[in-house]
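Predicted, not measured: the structure shown is a model, and the values here were computed from it. Letters A, B, ... are given to chains in the order of the sequence lines, protein chains preceding strands, and every chain is numbered from 1.
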2 protein chains.
Amino acid sequence: MATIKQISELSGVSRGTVDRVLNGRGHVSPEKERLVRSIAEQVGYKPNRAGKALAARKKSYIISVLLASEGNPFFAEVISGVHAAERELHDYGVKVVLRTLKGYDVDAQIAALTEMGADSSALIFNPINTPEVAGKINELAARGVQVYTLNTDIENCRRLCYVGSDYFEGGRIACGMLGLMTGGVANVGILTGSVHILGHKQRIDGFLDVMYKKYPKFRFLSIMETQDDDMIGFESTRKMLTDHPEIDTIFLVAAGIYGVCRAVQSFLPGRRLHIVSFDHIPQTEELMRAGLIHATICQQPFAQGYEAVKLAFNSLMSGAPPKKQQFIVKNDIRILENL
Amino acid sequence: MATIKQISELSGVSRGTVDRVLNGRGHVSPEKERLVRSIAEQVGYKPNRAGKALAARKKSYIISVLLASEGNPFFAEVISGVHAAERELHDYGVKVVLRTLKGYDVDAQIAALTEMGADSSALIFNPINTPEVAGKINELAARGVQVYTLNTDIENCRRLCYVGSDYFEGGRIACGMLGLMTGGVANVGILTGSVHILGHKQRIDGFLDVMYKKYPKFRFLSIMETQDDDMIGFESTRKMLTDHPEIDTIFLVAAGIYGVCRAVQSFLPGRRLHIVSFDHIPQTEELMRAGLIHATICQQPFAQGYEAVKLAFNSLMSGAPPKKQQFIVKNDIRILENL
DNA sequence: TTGTATGCGTTATCAA
DNA sequence: TTGATAACGCATACAA
C-alpha cells in the first residue's frame, strides 16, 4: 500500500534516505534511521515488485540454475519449468542462466558453483549431499548469494529453501497403491537405485511405514539395487526372481526400470506382476502401455523448476527470504489413463 | 527487448505516436502507422509488463470473479487459488473482485454478470450452459470485457479461454483405477449427480470408453442420480443395491457421496465394495479414512482459480489474448496416502 | 494529426 | 550524512 515516497513525506526526509534505510545501504544517522523504520513499520511498507523490476532493468538480476541432469530424462520437465518461469519473469529484469552437469561429481559441482556464484544474485541447484557442498553453500550465502536446493536437499547449511517432493510420502503412496491393486496380499520385492541415496532410502522407509501399519499380509522378501542402470537392474532382478520366484509385486524406487521390466518378462513370462514405479520418462510410458508397470508416482518436475525460479525471484524482489524453508510439491499418481 | 522509446527513435516519430499505433488508439496518419508497425514487427516489440503494471496503478485494472459456489465446498480451493493470484498480482496494479452466488439460477447469474461487467476489464466465472448466458458473454465481449470460463465451459460464444479439467479424461481415470483395484472383474453401479449436467455426462462417457475397450469383464448394472444431494443419494443407492445386490463396485460421478456411502454401509454391512469418487472435500477425507472410498480423482481446484486469474492478467498486460482457448489442468489421483 | 511532459515506485548518481 | 534528480517502460493529459 504505502510507497517510499509516502514514507519520505510522512517522515520529512528524502526518498533517497528512506531507500537507504529500507535497503540497509548505510550512511544514515541513527535518529533518521529509527524514524524511518518506525514509520515504515506503521504503514506496513512492502516494496512494489513492478517498480523494483523496472528499476532493475538497468542492472538486471541473474538467477543461476545448475542441474546435474545430463543423461537423466527426469530433468527434462524440470528444465521446462525453469524456462517457463524465465519467460514469465523476463519482463521484470531477471536473467535466468541454466547450466547442466553430467553425473554427480562433487568437485565438478563445487567448481560450477564457484563460477556461477560470482555474478549471480540467486543460485538454484540439486546438491550432492556432502559436507564440501554444504560448506560451499555457506560460503556463497555469506557473500550474499541466495541459495536454493532443488529436487534434493542437503542438511546443515544456509540454503534458503528446498523445492522438491516429499520422498517419504512418495514411498507411502506407492505402498498404498500396491495395497489397492493387490487386495492387500502380496509378496514384495524392492528394487532401489542405491541404498546410499537419501531420497531412495526415504521412499523405502515410507513404503515400509504403510506396509507395517496397514498391510499385514504384505511379505517383504528381497531388496536389491539397480544403481539407476538398466543392465544392473536386469541382473539384480534376474537374481531376485530366481531366489524368490514367489514374488508377485515389485516396488521400483528409482531408475533402471527398463532393465527390471525386461527381466520380469524374460524370467516370468506370462505372469502378471504388480509393479509401481516413480517418475514419468519415455520408458515409463512404454512400459505402462505394455502393461508391465501399472502405476507411477510423479513428483511434478515442471512445478519444481518453475517454483524454484519464482521463489528466488520473489525473494529478490521483495527483499525478504521465503517464509517457508521448504516448498514441497505434491506427489502425483499416474496410471495409463492420466499419463 | 525493444521498447516504445527505441521504436520512436528508429522511426523518427514521437513516443506518443508509437503508443497510438501499437494500442490502436487511432488518430494516426496511414503512412506513419505503416512505418511504426513495420519497425515494431522487425524489432519484435513486446510490451513490458512491469512498465505497463506501473503505469496501470493510476487507474488499475479490475479482474472480476463470479462463482456459483456457495454451499459447495469444492470451490473453497478454487477461491484459495484466486486469492493467491490476487496477492501475487497486487503489486502490478490489478484488483481482483470476488463474488459468489448460491445455486445455479440463470437470471441471478446474468444479473451479476451485468453488474460486474460494468467496471471490469476481465470477468471469470463458471457459466450455466444456456443460450442466455452465452448471449451475455458475447455482449460483454463486444464491450471489450475479456471473458474466461472457469471449471465449466460453455459453447458457441466469445469467451477467450476455458480454465478447468477434462471431464472425459476424469471418467477414464476412474475406470482405470477401478480396473486396477478389481483385477478387471467388477459389477458396476454408477451414481451421477444429474444426467443433464455436461461434466457429469462426460465423466460417464469417459468411464464407459475405458470400460468397453479395456475391461470386458466389467458389467455395468445400473445408473442413478443423486442430484448432488446426500438424502437423494442415500435413497438412490438403497434402491440400486436392492435391485442389484451383486454390485461390488461403485463409480461416484458427483456430489452426494456421503449419502451414498451411508447407504452402502447400511444395506451391505461388512461387504467391501470398490468405490471411486471425484474431488476432495472434507466428507471425502472422512469416507476415505473410514475405508469406504478408496480413491478420488481431483481436478486441481487451486490451480484452476490461480491460473484463470493469471491468464486474465497476462492477457491484459500483454494486450494479446491467450494463445490457447483452453487451459486444461491435469486430473489427479488421490488415495489415502496422498490426500 | 502529432509531440511533449508528467507520473507510476524504485534505484542510482551526483551534488551539497 | 543527506537531498535532489534522472532513469526504467508505459500511459495519458495536454499542447501544438
When you measure from every atom of DNA chain D, which of residues 29-36 of chain A have a heavy atom less than 4.0 Å away? A/S29, A/K32
Nearest whole angstrom, please: distance from the C1' of C/dA12 to the NE2 of A/H27. 14 Å
Could you work out which one of C/dT11, C/dC8, C/dT2 sits closest to the side chain of B/T17? C/dT2
Any base atoms under 4.0 Å from A/K5, or only sugar-phosphate, or nothing? Heavy atoms, all strands. sugar-phosphate
Would you kindly give the NZ-to-C1' distance between B/K52 and C/dG7, to the nearest whole Å? 17 Å
A/R57 CZ to D/dA7 C1': how many Å, rounded? 12 Å
Check the distance between C/dG3's P and B/I4's CD1 and give it to me in whole angstrom. 14 Å
Rounded to whole Å, CG of A/L22 lies from C1' of C/dA12 at a distance of 16 Å
Rounded off to whole Å, could you give me the CZ-to-C1' distance for the B/R15 and C/dT6 pair? 10 Å
Give the nucleotide from the list C/dG9, C/dG3, C/dC8 with an atom nearest to the side chain of A/N48. C/dG9
Just the atom pairs and distances: protein N or O near nucleotides 13-16 of chain C's N or O, under 3.5 Å.
none

Using the side-chain heavy atoms of B/N23, tell me which of these nucleotides is nearest: D/dA11, C/dT10, C/dG9. D/dA11
Round to the nearest Å and state the distance from B/R25 atom CZ to D/dA13 atom C1'. 12 Å
Determine all donor-acceptor pairs shorter than 3.5 Å in which one atom belongs to a side chain in residues 78-85 of chain B; sequence neighbours excluded.
{"from": "B/S80", "atom 1": "OG", "to": "B/A76", "atom 2": "O", "distance (Å)": "3.3"}
{"from": "B/H83", "atom 1": "ND1", "to": "B/E86", "atom 2": "OE1", "distance (Å)": "3.2"}

Give a yes or no answer on whether the side chain of A/S120 reaches the backbone of A/L123 with a donor-acceptor pair at less than 3.5 Å. no
Contacts of type side-chain contact (heavy atoms from CB on, under 4.5 Å), residue B/D91, not counting sequence neighbours: A/N48, A/R49
Pairwise salt bridge (charged side-chain N to carboxylate O under 4.0 Å, His left out) hits with a residue in residues 106-127 of chain A, at least two apart: A/R99-A/E115
Show me the pairs that pass salt bridge (charged side-chain N to carboxylate O under 4.0 Å, His left out) and involve residues 303-321 of chain B, at least two apart or across chains. A/E88-B/K310, B/E88-B/K310
Under 4.0 Å between a side-chain N/O of B/K58 and OP1 or OP2 of D/dT12, yes or no? no
Distance-only donor-acceptor check, side chains A/Q299 and A/N331, under 3.5 Å: no
Of the listed nucleotides (D/dT2, C/dT10, D/dC10), which one gets closest to any side-chain atom of A/V28? D/dT2
Atom-to-atom span, CG of A/L54 to P of C/dT6 - whole angstrom: 19 Å
Donor + acceptor pair across side chains of A/S315, A/Q146 (<3.5 Å): yes
Just grab all the ring pair (Phe, Tyr, Trp, His ring centres under 6.0 Å) pairs involving residues 298-330 of chain B, residues at least two apart or on different chains. B/Y92-B/F313
Using a 4.0 Å heavy-atom cut-off, does B/D19 contact any base of the nucleic acid, only the sugar-phosphate backbone, or nothing at all? base
With axes from five pairs an end, tell me the bend angle of the helix from C/dT1-D/dA16 to C/dA16-D/dT1, nearest 10°. 60°
Would you please name every residue forming a side-chain contact (heavy atoms from CB on, under 4.5 Å) with B/P321, sequence neighbours left out? B/L160
Results of side-chain contact (heavy atoms from CB on, under 4.5 Å) for B/K136 - residues two or more places apart only: B/I110, B/L113, B/T114, B/E139, B/L140
Base, sugar-phosphate alone, or nothing: which one does A/Y45 contact when heavy atoms must sit under 4.0 Å apart? sugar-phosphate
Just jot down the side-chain contact (heavy atoms from CB on, under 4.5 Å) partners of A/E70, sequence neighbours excluded, or say none. A/T100, A/K102
Hits for salt bridge (charged side-chain N to carboxylate O under 4.0 Å, His left out) against A/E33, two or more places apart or cross-chain, chain-then-number order -> A/R37
How is A/D91 classified with respect to the nucleic acid when contacts are heavy atoms under 4.0 Å: base, sugar-phosphate, or nothing? nothing
